[in-house]
Protein chains: 2
Amino acid sequence: MNLKTLAQELGLSPTTVSRALNGYPEVSEATRQRVLSAAAAANYQPNTQAKRLATGRAMAIGHIIPISDRHEIVNPVFADFIAGAGEIYANAGYDMVITIVPDNLEARAYGELSSKGNVDGVLVHAPRLNDHRIALLDDLSLPYVMHGRVNGTRKPYSWVDVNNTRAFERATNFLLDLGHRRIALINGISDMDFARRRKLGYERALSARGITPDPALLTEGEMTEAQGHDSARSMLALPDPPTAFLTASLLSAMGVRRGIEENGLTMGRDVSIVTHDDELGYLRNGTAQEPIFTATRSSVREAGRRCAQMLISHIERGDTQPRSDLMEAVLVLGQSTGPAPKR
Amino acid sequence: MNLKTLAQELGLSPTTVSRALNGYPEVSEATRQRVLSAAAAANYQPNTQAKRLATGRAMAIGHIIPISDRHEIVNPVFADFIAGAGEIYANAGYDMVITIVPDNLEARAYGELSSKGNVDGVLVHAPRLNDHRIALLDDLSLPYVMHGRVNGTRKPYSWVDVNNTRAFERATNFLLDLGHRRIALINGISDMDFARRRKLGYERALSARGITPDPALLTEGEMTEAQGHDSARSMLALPDPPTAFLTASLLSAMGVRRGIEENGLTMGRDVSIVTHDDELGYLRNGTAQEPIFTATRSSVREAGRRCAQMLISHIERGDTQPRSDLMEAVLVLGQSTGPAPKR
DNA sequence: TTGAAAGCGCTAACAG
DNA sequence: CTGTTAGCGCTTTCAA
C-alpha cells in the first residue's frame, strides 16, 4: 500500500492525503478524518526511503563504535547507553544506526556516514584527550553530541557527562574520613578524558588533606579483571601497602577482590574497596563492610537518554549553539571500616 | 556532489557513470577508469536514500531489543553479539539498525520495520519456547535469522546456535568425573530456549550416571549476581548441600562465590564453580583450583558474525530454504578438585 | 481547501 | 559501449 493507491481509493490527490497524514493545517477536518481512518484501515505506512529522499532527512542517528585489534573489548557501558538513547530515538521516530569499525578507520566512517547521508547526526563515545573527532565533525558540519568532555580543545561543542571529578573526590574523601591514608586508584586508560577527571578528583581530595598522591598506588589501563588483580597483588606487596582501593569498574573490583584474597587479607577488614558500578549489589547489599558509590548502569542509561534528546533538538531546531549537561554521579556510599590497625 | 554533476563534469550520462561505479560489465575499461578517478577526486559518495528508493533495498538489517519494565536488564551478551554482526555488516555495506522497544510492543516494531521498508531483514535475539516471532516474521515475509533455536515450533526457520546441551553435559560430566554428586545448576529463565537446553544437558549427564536431578539444586531466573548469591546461600544451607555449582554467567558466578564465602567455605576446596564466560580469566589464570569452561564473549561474537553472514546471504541470494549452524561451545576445562571429604 | 506538476538522486529497461 | 526515458514513493511549490 502506497500513497498513490491510498489516494485513489479515497478519490483524493496524493498531495492532500500526504498533508492530512502529516498534520498540515490546510486540510479540512472532515477530509483529515476520512484519510486517517482509511490509512489505519489499510494499515498504510509511508515508505521510509521515499520520505527520506523527498525531505532530505535521514531520520536516523549514527553511533560509531571503534573496535581495536589489540584489545577486543566492547565497552560494557555501551549496552546501557544504547538502551537509553534508543528509547528516545524510538519515541522521536529516529532509527539508530550503529557502525562497527576498526579503530584506524573511524574517521573515514564518519565521513562516509555524512556524505552518503545515512544519518542526520551522530553520538560520539568515549572522548579522549584532544579528541580529533571534534575537528572532524565540525568540518563535516554533521550535528553531534559527545558523551563525555574533551580536554584540550578550544572549540565549543555539545556534551553530556557525569561529574567524574566530583564523584571521585567525594569517594576519596569518604575513605579519608574513615582514616585511610594509603588509597589506591585503579583507573582507566590515561588517554581517556573520564580517567583524567577521575584521577583529578582523587588527587584533589588527597591534596586537600596534605597527602601527596603516590604514583605507586595508581594504575592506568583497560579496566579488566586482570588489571584489578595484578594491581592489587603488586600494591599489597609494597612495603607500605594501600588500605583501600578505589576503582570504577565491576571487573576491576572483582580483580582487586581476588588479589586481596590471594594475599591472605580480608575484604572490609584489612582492605576496603570503593567502586563505581551498581552491578555491585553484592557489595551494597551483602553483609560486607565495604563502601560503594555511584550507579554506572542506570546513570549511563540516563546519560544515553540525555545525549539523544540533546542531539535530536540540535537536529530538529537546527541549533547552532552547543549545549552541555553535567550529570551528577549517583553516589551510594555505604558503611565501611577504617584501615586495619597496624600489627 | 551528486551523480548528475559528476556526469556533467565528465561529459557522460549519469547512467554510464552509475554503471562504471557499480561495476557493470558493459562499460569500457577506459571510461571506467576515468569515472573512478573523477569520483575519487571529487570524493563522490552516492546518496544512500536515493539508492535505496531506486533499488527497493534498504541495505540495512534490523535488530529489535525488547526492554522490559520489570527487569531493566540489557542482556550483557548483546554487546558482543552486535560487535560480531556489525563487522560483517560493515564489510557487506549494510547498516545496522537497532530498535529499542518496550517488550509489549515488540510485535508492532517488527511490523513497522517491515512495512516502512527500513530494513531488508532482521536478526532475532533470545528465542523463547514457542516463540511467536517466527509466525509473525513468516507472515511479514521479512527475511530473518534467529540467534538460538525455538522449541515447540514445527515451521522451518534459519538459526545459529551454540551447542548448549552438549556444553552443559560435558561440564557436568567433568564435575562428575571428579567425584561430585551434588551439583547445583544456576540457570536462566525457564522460558528461554537456551536455558532449557542447558538444563537438558545437565540432566542428561546426571541421569547417565544414575543420579536423579534434585530440584532443590536448580535455580531458574535472571542470571544476576543476586541470583547466584541467594541460590548459593540457600543451597549451602541444605542438609545435603551441593559440592559444586554450574552456571553460565559471570555475574551469577560472582554471586555464587560470595555466597560460598559468606558460608565460611573455601572456593575450590569445599565447593567448586564451573561457569561459562571467558571474562572469567581470574578463574582460568589465577591460582585457583576451580574448573571453568567455554568462552561466552568470543563465541557470542562469532555467533554474531555467523548470524549476520547467513542473513545477508538469505537477502542477497533470495534463499528460500532456511539454514542452520550449530556452533560447538568452546570448552576450556581447567583443573579442579573433587568434593571436600566429609567431616 | 484541494490538485497538478516537479523533483529528491539514483537505477534500470529499452534503444541505438 | 553509451544515452534516453521512466520511474522508485514521497514532499512541496505553485495554481486554482
Side-chain angles (χ1 to χ4, degrees), chain A residues 1-36 38-39 42-60 93 95 112-120 316, chain B residues 1-36 38-39 42-60 93-95 112-120 316 318:
Chain A
M1 171 59 67
N2 60 16
L3 231 211
K4 196 172 161 190
T5 60
L6 180 63
Q8 283 169 346
E9 287 182 5
L10 283 160
L12 289 168
S13 73
T15 314
T16 304
V17 176
S18 169
R19 285 199 271 242
L21 258 23
N22 291 302
Y24 283 65
E26 65 262 42
V27 184
S28 80
E29 205 43 48
T31 313
R32 165 161 288 131
Q33 289 312 325
R34 211 157 64 81
V35 170
L36 286 175
N43 191 27
Y44 167 73
Q45 301 276 83
N47 179 292
T48 305
Q49 321 303 349
K51 199 162 195 159
R52 286 171 167 167
L53 182 57
T55 58
R57 298 198 30 205
M59 291 308 288
D95 277 352
E112 288 192 358
L113 225 43
S114 165
S115 56
K116 304 208 294 189
N118 284 20
V119 300
D120 297 318
E316 300 195 341
Chain B
M1 170 62 65
N2 61 16
L3 233 210
K4 196 171 160 191
T5 59
L6 181 63
Q8 283 168 345
E9 288 182 4
L10 283 160
L12 290 169
S13 73
T15 314
T16 303
V17 176
S18 168
R19 285 197 272 241
L21 258 23
N22 291 302
Y24 282 66
E26 64 263 43
V27 184
S28 80
E29 204 44 45
T31 313
R32 166 161 291 133
Q33 290 312 326
R34 212 157 64 83
V35 170
L36 286 174
N43 191 25
Y44 167 73
Q45 301 278 82
N47 179 292
T48 305
Q49 321 303 348
K51 198 163 196 159
R52 285 171 168 167
L53 181 57
T55 59
R57 299 199 28 207
M59 290 308 288
Y94 284 81
D95 277 351
E112 287 191 358
L113 225 43
S114 164
S115 57
K116 303 207 297 189
N118 284 21
V119 300
D120 298 317
E316 300 196 339

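Note on naming: letters A, B, ... go to the chains in the order of the sequence lines (proteins, then strands), and numbering restarts at 1 for each one. All of these numbers come straight from a predicted model, not from anything done at the bench.
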*Asks:* What integer distance in Å separates B/Leu6:CG from D/dG3:P?
*Replies:*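 These atoms are roughly 13 Å apart.
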
*Asks:* Quick test of your reading of the model: are A/Asp95 and B/Lys116 salt-bridged, counting only N-O distances below 4.0 Å?
*Replies:*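 No, no charged N to carboxylate O under 4.0 Å.
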
*Asks:* So, do A/Met59 and B/Gln49 sit near enough that their side-chain heavy atoms are less than 4.5 Å apart?
*Replies:*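 A side-chain contact is absent here, since even the closest heavy-atom pair is not under 4.5 Å.
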
*Asks:* Would you say A/Thr55 places a side-chain N or O within less than 4.0 Å of OP1 or OP2 belonging to D/dT11?
*Replies:*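 No.
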
*Asks:* Among C/dG3, C/dG9, D/dT11, which nucleotide has an atom closest to any side-chain atom of A/Asn22?
*Replies:*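 Nucleotide nearest to A/Asn22's side chain: D/dT11.
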
*Asks:* Starting at CZ of B/Arg52 and ending at C1' of D/dC10, how long is that distance when rounded to a whole Å?
*Replies:*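 The distance from CZ of B/Arg52 to C1' of D/dC10 comes to 16 Å, rounded to the nearest Å.
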
*Asks:* Within the structure provided, determine whether A/Gln8 and A/Leu3 are in side-chain contact (heavy-atom separation under 4.5 Å).
*Replies:*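 With C-beta onward as the side chain, the pair stays apart.
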
*Asks:* From the set D/dT11, D/dT13, D/dG3, return the single nucleotide nearest to any side-chain atom of A/Arg19.
*Replies:*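 The listed nucleotide nearest to A/Arg19's side chain is D/dT13.
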
*Asks:* Do any side-chain nitrogens or oxygens of A/Lys51 fall under 4.0 Å of OP1 or OP2 in D/dT11?
*Replies:*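 So the side chain of A/Lys51 is within the cut-off, an N or O lying under 4.0 Å from OP1 or OP2 of D/dT11.
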
*Asks:* Ignoring hydrogens and geometry, is there a side-chain-to-backbone donor-acceptor pair from B/Asp120 to B/Ala58 under 3.5 Å?
*Replies:*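 Yes, the answer is positive, given that a donor and an acceptor are paired below the 3.5 Å cut-off.
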
*Asks:* Of the listed nucleotides (D/dG9, C/dG3, C/dC10), which one gets closest to any side-chain atom of A/Ala54?
*Replies:*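 Taking heavy atoms from C-beta onward, the closest nucleotide is D/dG9.
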
*Asks:* Please report the C-alpha distance between B/Glu316 and B/Tyr94 in whole Å, then the side-chain angles of each, then the deciding distance to 0.1 Å, and finally whether the side-chain hydrogen bond (donor to acceptor under 3.5 Å, both in side chains) criterion is met.
*Replies:* CA-CA 11 Å; B/Glu316 300 196 339; B/Tyr94 284 81; 2.8 Å; yes

*Asks:* Are side-chain N/O atoms of A/Ser13 and A/Thr16 paired as donor and acceptor at under 3.5 Å?
*Replies:*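 Yes, side-chain donor-acceptor contact under 3.5 Å.
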
*Asks:* Taking for each residue the nucleotide of DNA chain D with the nearest heavy atom, is it B/Leu12 or B/Ala50 whose nucleotide lies nearer the 5' end?
*Replies:*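 This one resolves to B/Leu12.
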
*Asks:* For D/dT12 and A/Tyr24 - does any side-chain N or O of the residue sit under 4.0 Å from the phosphate oxygens OP1/OP2?
*Replies:*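 So the side chain of A/Tyr24 is within the cut-off, an N or O lying under 4.0 Å from OP1 or OP2 of D/dT12.
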
*Asks:* Relative to the 5' end of DNA chain D, which residue comes earlier, A/Met1 or B/Glu29, by the nucleotide with the nearest heavy atom?
*Replies:*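 The residue closer to the strand's 5' end, by nearest nucleotide, is B/Glu29.
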
*Asks:* Mind calculating the distance between CZ (A/Arg57) and C1' (D/dT12) to the nearest angstrom?
*Replies:*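 Computing the A/Arg57:CZ to D/dT12:C1' distance gives 15 Å.
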
*Asks:* Have a look at B/Thr15 and say if it touches a base, only the backbone sugar-phosphate, or nothing, with a 4.0 Å heavy-atom cut-off.
*Replies:*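 It contacts base atoms.
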
*Asks:* Could you state the CZ-C1' distance from B/Arg34 to D/dC1, rounded to the nearest angstrom?
*Replies:*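 Spelled out: CZ on B/Arg34 to C1' on D/dC1 is 13 Å.
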
*Asks:* Could you give the CG-to-C1' distance, from A/Asn47 to D/dG9, as a whole number of Å?
*Replies:*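 In whole Å, D/dG9 C1' and A/Asn47 CG are 6 Å from each other.
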
*Asks:* Think A/Asn2 has a side-chain N or O under 4.0 angstrom from the OP1 or OP2 of D/dC8?
*Replies:*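 No.
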
*Asks:* Kindly say if A/Thr31 contacts the phosphate of C/dT2, meaning a side-chain N or O under 4.0 Å from OP1 or OP2.
*Replies:*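 For C/dT2, OP1/OP2 do have a side-chain N/O of A/Thr31 under 4.0 Å.
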
*Asks:* What is the distance from NZ of A/Lys4 to C1' of C/dA5, rounded to the nearest Å?
*Replies:*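 Whole-Å distance recorded here is 13 Å.
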
*Asks:* Just the rounded figure in Å: distance from C1' of C/dG7 to CD of A/Gln49.
*Replies:*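 After rounding, the gap between these two atoms is 18 Å.
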
*Asks:* Would you please confirm or rule out a distance under 4.0 Å between OP1 or OP2 of D/dC10 and any side-chain N or O of A/Tyr44?
*Replies:*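 Indeed, a polar side-chain atom of A/Tyr44 lies that close.
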
*Asks:* Atom CG of B/Asn118 and atom P of D/dC10: how far apart are they, to the nearest Å?
*Replies:*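 That distance rounds to 13 Å.
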
*Asks:* Does B/Ser13 have a side-chain nitrogen or oxygen under 4.0 Å from the phosphate oxygens OP1 or OP2 of D/dG3?
*Replies:*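 For D/dG3, OP1/OP2 do have a side-chain N/O of B/Ser13 under 4.0 Å.
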
*Asks:* The side chain of B/Leu53 is closest to which nucleotide in this list: C/dG9, C/dC10, D/dT12?
*Replies:*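 The listed nucleotide nearest to B/Leu53's side chain is C/dG9.
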
*Asks:* Looking only at the side chain of A/Glu26 (C-beta and beyond, no hydrogens), which of the listed nucleotides D/dG9, D/dT12, C/dT2 gets closest?
*Replies:*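 Output: C/dT2.
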
